[in-house]
Amino acid sequence: MKEIKITEIENIRIGSAENKEAGTGCTVIICERGAAAGLDVRGGGPASRESELLKPMAAADVIQAVLLSGGSAFGLDAAGGVMEYLEERGIGFDVGITKVPLVCESCLFDLMVGDFKTRPDKAMGYAACEGAEKNNYQDGNFGAGTGASVGKLGDKSLCMKGGIGSYAVQIGDLKVGAIVAVNARGDIYDWKDGKKVAGLLNADRKTFADTEEAVYKSYEVIKNKFTGATENTTIGAVITNAAFPKSSLCKIAGMAHDGYARAIRPVHTSSDGDSIYALSVGDVKADQDMVGTLGAQVMAEAILRAVRSAESAYGLVGAKDL
């Protein structure tokens with residue numbers, strides 16, 4: 001097994017666009033030739049577009065792009081820019097008079113930083129596609145990870161900066177990679193040794209508190225879970241050059257959530273919208289369960305890359321500066 005760049009997986013281009021001052025952005029994965037895709041949502045509050053396309057019973061065999069975005073549900077407008085970019089280039093489902101690009105999108109909540117009235121829109125979605133022409137993707141405070149944060153339980157000044165990260169490997173002809181925007185309510189751990197690397201801070205903002213322990217201090221029912229606890233959601237994708245249909249990719253996406261569970265605690269809460277896409281962009285023959293197992297590993301590593309690449313911003317401390 002050798003490490004490769006996520007952009008070394010064939011038949012994809014990845015681009016980002018962001019507004020650093022406003023603290024938001026989006027990241028697009030373009031598959032011009034089309035990609036079979038699956039989706040598994042484990043969080044209770046997802047903001048998503050065209051997710052029904054990825055159910056095995058839906059007619060569409062492939063999609064042309066996945067967009068990961070900030071802006072909460074407002075950010076869903078950015079997919080219009082991706083559709084415009086692809087339609088201009090004749091990419092999409094042929095309906096005779098034009099081609100309709102099939103674009104799936106998931107958004108995270110980053111309205112708590114920067115300017116909450118500035119969100120990813122059609123223009124930013126289009127700009128991300130232009131960035132994909134040069135594969136301008138970077139780990140850290142870019143694209144969907146621009147305004148991301150982690151460890152969000154209680155005082156907002158005690159959370160840390162999140163970001164977007166990627167990791168990919170190759171075994172023989174098989175390539176499997178992950179890209180993920182980490183905006184978790186929980187703390188982030190190194191999946192290899194169990195050590196915490198980012199999350200809820202103590203009042204000194206120099207040492208770690210423990211989000212799980214903080215949760216356990218009270219079992220009182222929260223009557224309205226959507227008050228003060230909605231600023232979360234980790235969204236990502238597993239990408240492979242192995243050939244799979246939608247049903248297998250939904251299973252692989254589900255197995256990749258084990259990577260979330262290894263690296264984020266707590267995870268998949270009712271106030272997170274945790275979602276993972278799985279994309280098949282090649283024709284290599286591989287075992288579904290092997291790719292799903294590897295998908296969980298590369299996802300856990302991508303989460304680490306996201307927080308370790310994040311720069312301090314918007315009053316939030318990055319892991320590299322702690």
Side-chain angles (χ1 to χ4, degrees), residues 6-7 11-35 37 39 46-54 60 62-93 98-111 113-148 163-164 166 179-181 183 233-237 239 273 275-277 279 281:
I6 190 79
T7 51
N11 302 325
I12 61 166
R13 290 184 286 116
I14 304 175
S16 293
E18 58 277 322
N19 183 324
K20 289 291 185 73
E21 182 177 348
T24 195
C26 58
T27 301
V28 67
I29 306 166
I30 295 177
C31 318
E32 291 188 6
R33 291 172 43 181
L39 171 67
S48 58
R49 170 172 167 153
E50 294 281 38
S51 55
E52 289 291 321
L53 284 177
L54 305 185
V62 299
I63 62 172
Q64 282 76 46
V66 168
L67 183 64
L68 308 177
S69 174
S72 189
F74 296 110
L76 293 171
D77 287 345
V82 179
M83 290 189 69
E84 180 178 329
Y85 176 92
L86 294 174
E87 184 188 24
E88 288 175 353
R89 288 154 180 79
I91 299 168
F93 180 73
T98 189
K99 291 186 178 179
V100 180
L102 302 181
V103 179
C104 296
E105 181 182 9
S106 288
C107 299
L108 55 79
F109 189 107
D110 55 9
L111 305 182
V113 304
D115 176 13
F116 78 93
K117 291 186 178 180
T118 300
R119 301 110 182 201
D121 56 11
K122 187 175 182 180
M124 187 178 284
Y126 194 98
C129 293
E130 292 180 317
E133 294 174 3
K134 300 178 181 179
N135 273 323
N136 75 338
Y137 170 80
Q138 297 180 69
D139 293 340
N141 297 18
F142 300 96
T146 301
I164 194 165
S166 63
I179 182 170
V180 60
N183 189 61
T233 295
T234 297
I235 49 178
I239 308 166
S275 305
I276 297 179
Y277 295 88
L279 303 174
V281 296

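Between Met124 and Thr24, the shortest heavy-atom contact is CE-O, 4.3 Å. Contact detail for Ile63 and Ala37: the closest heavy-atom pair is CD1-CB, 3.7 Å. Contact detail for Asp77 and Pro120: the closest heavy-atom pair is CB-O, 4.5 Å. Nearest heavy-atom pair, Gly34 versus Gln64, reported as atom, atom and distance to 0.1 Å: CA-NE2, 4.3 Å. Val28 approaches Ala132 most closely through the heavy-atom pair CG1-CB, 4.3 Å. When all heavy atoms of Pro46 and Ser275 are compared, the pair lying nearest together is CB-OG, 4.2 Å.
A donor-acceptor contact closer than 3.5 angstrom links the side chains of Ser16 and Thr27. The closest side-chain donor-acceptor pair between Asp139 and Ser166 falls under 3.5 angstrom.
If you run side-chain contact (heavy atoms from CB on, under 4.5 Å) between Ile235 and each of Leu67, Leu68, Val66, only Leu68 comes through. Residue Ser106 is tested with Ser51, Ser48, Ser69 for a side-chain contact (heavy atoms from CB on, under 4.5 Å); the sole match is Ser48.
Rounding to the nearest 0.5 Å places OH of Tyr137 at 7.5 Å from CD1 of Ile6. To the nearest 0.5 Å, atoms SG (Cys26) and CG (Leu76) are separated by 11.5 Å. To the nearest 0.5 Å, the span separating CD1 on Ile276 from OG1 on Thr234 amounts to 9.0 Å. Note: Glu52 CD to Glu50 CD = 9.5 Å, rounded to the nearest 0.5 Å.
A donor-acceptor pair is defined here as one N or O able to donate and one able to accept, closer than 3.5 Å; such a pair exists between the side chain of Asp110 and the backbone of Gly71. The closest donor-acceptor contact from the side chain of Glu18 to the backbone of Gly143 lies under 3.5 Å. Within the 3.5 Å criterion, the main-chain N or O of Glu21 finds no donor-acceptor partner in the side chain of Asp115. A donor-acceptor pair is defined here as one N or O able to donate and one able to accept, closer than 3.5 Å; no such pair exists between the side chain of Asn141 and the backbone of Thr146.
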Candidate pair Glu32 and Asn11, rule side-chain contact (heavy atoms from CB on, under 4.5 Å), full reasoning: CA-CA 7 Å; Glu32 291 188 6; Asn11 302 325; over 6 Å; no
Should Leu111 and Arg119 be marked as a side-chain contact (heavy atoms from CB on, under 4.5 Å) after you check the CA-CA gap, both sets of side-chain angles, and the distance that decides it? CA-CA 8 Å; Leu111 305 182; Arg119 301 110 182 201; 4.1 Å; yes
Going through the distances and angles, do Leu54 and Cys104 end up as a side-chain contact (heavy atoms from CB on, under 4.5 Å)? CA-CA 9 Å; Leu54 305 185; Cys104 296; 3.9 Å; yes
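Ile239 places a side-chain heavy atom less than 4.5 Å from the side chain of Ile29. Using a 4.5 Å heavy-atom cutoff, the side chains of Ile30 and Cys129 are in contact. Taking 4.5 Å as the limit, some side-chain heavy atom of Arg13 sits within range of a side-chain heavy atom of Asn135.
Under the ring-ring contact (aromatic ring centres under 6.0 Å, His included) criterion, Tyr85 pairs with Tyr126, sequence neighbours left out.
Around CZ of Arg89, the count of heavy atoms belonging to other residues, nucleotides or ligands within 6.0 Å exceeds 12.
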